[in-house]
Amino acid sequence: MGNGQRIVRGKLTYIFILCLVGLFVLPSVYAAKRKTQTRKQQKTEDTRVYLVHADVLHYDRNINPDAQILNGNVHFRHNGATLYCDSAHFYEASNSFEAFGHVKMLQGDTLSLTSEYAFYDGDAQLARARRNVVLKHRQSTLYTDSLDYDRLYSYGYFFEGGKLVDKGSTLTSDWGEYNTATRQAVFNYVVKLKNKDFTLTTDTLYYDTRNSQAHVVGPSHIKTRNSDIDTDDGYYNSDTEQTKLFGHSVIKNEGKQLTGDSVYYNSKTGVSEAFNNVVYNDTTNKNMLTGDYVYYDDSTGYAMATKRAVAIDYSQQDSLFMHADTFKIFTFHINTDSVYRKIHAYNKVRAYRTDVQAVCDSLVYNSKDSCMTMYKDPIVWYNSQQVIGEQIDVFMKDSTIDRAHVIEQALSVEQMYDSIHFNQVASKEMFAFFKNGNIDEVNAKDNVQIIYYNMDEADSTLTLMNYTETSLMKVFFEDKKMRYIWMNKNDGTVYPITQIPTGKDKLPSFVWFDYIRPLNKEDIFVWRGKKKGTELKKIKRREAPKLPYQEIGDDDKGSAEEKKK
């Protein structure tokens with residue numbers, strides 16, 4: 001076979017393949033092209049605004065040369081929405097129309113838009129409604145005079161004042177937007193959210209109609225049934241009446257104020273919780289609680305503070321600062337004339353005021369009798385004096401100390417000016433009485449032991465040491481200085497200051513806890529316990545003897561008493 005024949009056959013084969021391509025491939029290409037053209041035509045048809053009905057249709061070049069003028073029961077349809085009005089100007093070329101009188105647009109069964117006038121752009125799917133505009137979507141209704149509704153993105157905008165009514169709550173502002181897809185709204189400028197128990201005013205508010213939750217941004221004020229709230233960043237749920245506040249917000253309630261980096265408040269239950277840099281201030285009673293966590297229930301009067309908790313009493317010229325691991329406040333007979341409170345402070349209690357300091361494991365303050373009871377190794381310092389005992393009761397009067405009672409293993413120590421000698425009184429119990437906050441009298445009862453130093457008034461030197469034992473002693477003060485001592489039958493010894501026997505200058509129970517004493521209001525956070533061996537010794541109390549009938553069951557008590565008779 002020659003080269004010419006092979007070339008001819010090759011060409012015939014190539015032509016044959018092209019024919020096959022033409023038969024099978026090209027029809028598919030043409031079909032795809034026709035399908036694409038059909039889709040484009042369908043898309044174009046779907047975007048058109050259709051006139052469904054009008055009682056009268058005419059042209060009037062004098063009124064509007066570019067529009068069809070429609071009158072009477074006008075009905076349009078566009079992309080899933082139906083539009084009704086009394087009359088309209090239909091701009092078929094621009095796929096738009098103007099609607100006049102009783103304008104109503106319906107989209108599905110969840111959205112309706114009514115107004116006196118509207119312009120609708122079919123290409124942009126944008127409706128501009130004016131005058132007496134009402135947008136209803138599910139349970140929410142928006143009232144305004146100017147609204148632009150974007151059907152493509154499901155947004156409605158008003159800019160000349162509007163009102164949203166949702167489940168009993170009314171929200172008004174100068175400008176706002178509402179998304180019918182997400183059911184979320186944004187309101188700006190002179191915003192007010194109000195229901196029967198609540199009023200919120202702000203400049204910027206985000207509102208979710210699905211769960212009735214409002215989020216305010218910027219300076220805002222919330223007024224509830226019982227409280228006033230100021231915040232720059234807060235959430236409020238009008239269904240549950242729960243408030244979440246951030247940015248160091250403030251809650252005020254009848255002379256009480258709660259501040260924190262984040263605050264949670266439920267106006268239905270009256271419960272507040274605050275976290276970090278918390279301050280609970282009672283301006284009526286002039287005291288406050290601070291810490292990193294505070295809980296308060298205004299319906300029961302119960303409060304709790306922890307995490308660097310501090311109770312502060314500022315009713316006097318100098319404030320008293322007290323720290324404990326936990327503070328709890330219990331209110332009894334709340335909202336009555338016989339109301340009173342108990343404050344519990346426990347674990348590592350330390351208190352500081354300029355003239356008074358105290359340390360104990362726990363304490364309870366009862367406002368009914370104005371008594372503060374200190375438990376477990378309590379120590380109180382008053383100027384240069386130190387008092388310890390198993391239990392110390394301090395009674396207040398008009399927020400000022402009135403008297404104190406030291407129970408069991410009482411010891412009062414006064415450090416002299418030279419810092420090495422101490423006046424000392426030890427007894428079973430001790431009483432101290434105050435006038436205008438200054439010590440006036442001290443009484444020691446039972447097993448009283450005394451060490452007292454005489455001072456030369458001329459040069460303020462110590463001359464004698466007195467050691468005395470008695471059953472009752474009274475010390476009287478004037479201008480914070482001891483005036484004289486009275487005691488009943490006593491037995492004592494006097495030593496010249498230079499001839500005091502070794503060990504006789506200290507009572508057996510003497511101890512000086514200067515290393516524990518709080519130095520300032522910051523030092524109350526630093527716990528320093530007693531050194532080993534200086535704790536109070538546990539004394540076993542004698543028990544009353546049991547009667548025979550006390551050792552049998554309650555059911556047999558009556559028969560035992562009869563036998564005894």
Side-chain angles (χ1 to χ4, degrees), residues 47-57 63-64 66-92 94-167 169-192 207 209:
T47 59
R48 299 302 302 169
V49 174
Y50 289 95
L51 173 63
V52 178
H53 176 82
D55 291 347
V56 178
L57 185 152
I63 298 176
N64 194 333
D66 299 324
Q68 301 176 41
I69 299 176
L70 313 174
N71 289 293
N73 299 312
V74 181
H75 178 191
F76 290 99
R77 175 172 57 84
H78 180 250
N79 198 22
T82 54
L83 303 101
Y84 304 89
C85 59
D86 292 342
S87 60
H89 292 173
F90 183 27
Y91 304 92
E92 191 171 6
S94 62
N95 200 35
S96 61
F97 64 85
E98 289 182 274
F100 308 91
H102 298 95
V103 181
K104 187 174 185 179
M105 182 182 78
L106 300 177
Q107 183 173 297
D109 58 356
T110 61
L111 185 145
S112 69
L113 175 63
T114 61
S115 63
E116 294 181 13
Y117 166 84
F119 173 80
Y120 185 77
D121 185 338
D123 291 338
Q125 297 192 49
L126 178 66
R128 294 186 174 95
R130 302 293 184 265
R131 297 191 297 276
N132 297 322
V133 181
V134 180
L135 174 65
K136 292 186 177 182
H137 182 246
R138 299 185 185 276
Q139 296 177 314
S140 303
T141 305
L142 177 64
Y143 301 88
T144 183
D145 269 346
S146 297
L147 177 74
D148 290 351
Y149 182 66
D150 189 335
R151 293 186 61 219
L152 192 61
Y153 295 100
S154 303
Y155 265 109
Y157 304 87
F158 66 87
F159 37 84
E160 293 183 357
K163 178 175 70 174
L164 176 68
V165 178
D166 176 64
K167 303 175 186 177
S169 296
T170 301
L171 206 162
T172 59
S173 70
D174 287 349
W175 181 94
E177 64 182 46
Y178 177 69
N179 188 305
T180 56
T182 64
R183 299 173 62 185
Q184 293 182 339
V186 181
F187 297 87
N188 295 98
Y189 313 120
V190 196
V191 183
K192 179 178 286 188
Y207 188 73
T209 63

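The figures that follow rest on heavy atoms only: side chains count, while hydrogens, waters and symmetry mates do not.
Taken from OG1 in Thr82 to CE in Met105, the straight-line distance is 9.0 Å, to the nearest 0.5 Å. Note: Thr180 OG1 to Leu142 CG = 11.5 Å, rounded to the nearest 0.5 Å. In this structure, CZ on Phe100 lies 6.0 Å from OG on Ser87, to the nearest 0.5 angstrom. Residue Arg183 holds its CZ atom at 5.5 Å from CZ of Arg138, rounded to the nearest 0.5 Å. The distance from atom CZ of Arg128 to atom CG of Asp121, rounded to the nearest 0.5 Å, is 7.0 Å. Taking OG1 of Thr110 as the start and NZ of Lys136 as the end, the distance is 13.5 Å to the nearest 0.5 Å.
The backbone N or O of Thr47 lies less than 3.5 Å from a partner atom in the side chain of His78, making a donor-acceptor pair. A donor-acceptor pair under 3.5 Å is absent between the side-chain atoms of Asp174 and the main chain of Gly161, judged by distance alone. Between the side chain of Arg151 and the backbone N or O of Gly122 there is no donor-acceptor pair closer than 3.5 Å.
Around atom CG of Asp55, more than 12 heavy atoms belonging to other residues, nucleotides or ligands sit under 6.0 Å away.
When the options Asn71, Leu70, Val74 are evaluated for a side-chain contact (heavy atoms from CB on, under 4.5 Å) with Leu57, the one that passes is Leu70. Each of Val165, Leu164, Asn132 was evaluated against Tyr143; a single residue qualifies, Val165, per the side-chain contact (heavy atoms from CB on, under 4.5 Å) test. Tested against Phe97, the residues Phe76, Tyr50, Tyr117, Phe119 include a single ring-ring contact (aromatic ring centres under 6.0 Å, His included) partner, Phe76.
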| Criterion side-chain contact (heavy atoms from CB on, under 4.5 Å) on His53 and Asn73, from CA distance to verdict | CA-CA 7 Å; His53 176 82; Asn73 299 312; 4.0 Å; yes
| said: For a side-chain contact (heavy atoms from CB on, under 4.5 Å) check, start with the C-alpha distance between Val49 and Leu83, then their side-chain angles and the critical distance, and finish with the verdict. | reply: CA-CA 10 Å; Val49 174; Leu83 303 101; 5.9 Å; no
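The ring of Tyr155 has its center closer than 6.0 angstrom to the ring center of Tyr157.
Leu135 has its side chain within reach of Leu111: a pair of non-hydrogen atoms, C-beta onward, lies under 4.5 Å apart. Between Tyr149 and Tyr178 there is no side-chain heavy-atom pair separated by less than 4.5 Å. Between His89 and Ile69 there is a side-chain heavy-atom pair separated by less than 4.5 Å.
A salt bridge links Arg130 with Asp148; the closest basic N to acidic carboxylate O contact falls under 4.0 Å.
Between the side chains of Tyr153 and Gln125, no donor N or O sits under 3.5 Å from an acceptor N or O.
In this structure, Lys104 forms no cation-pi arrangement with Tyr84, as its terminal cationic atom is not both closer than 6.0 Å to the ring centre and no more than 45° off the ring axis.
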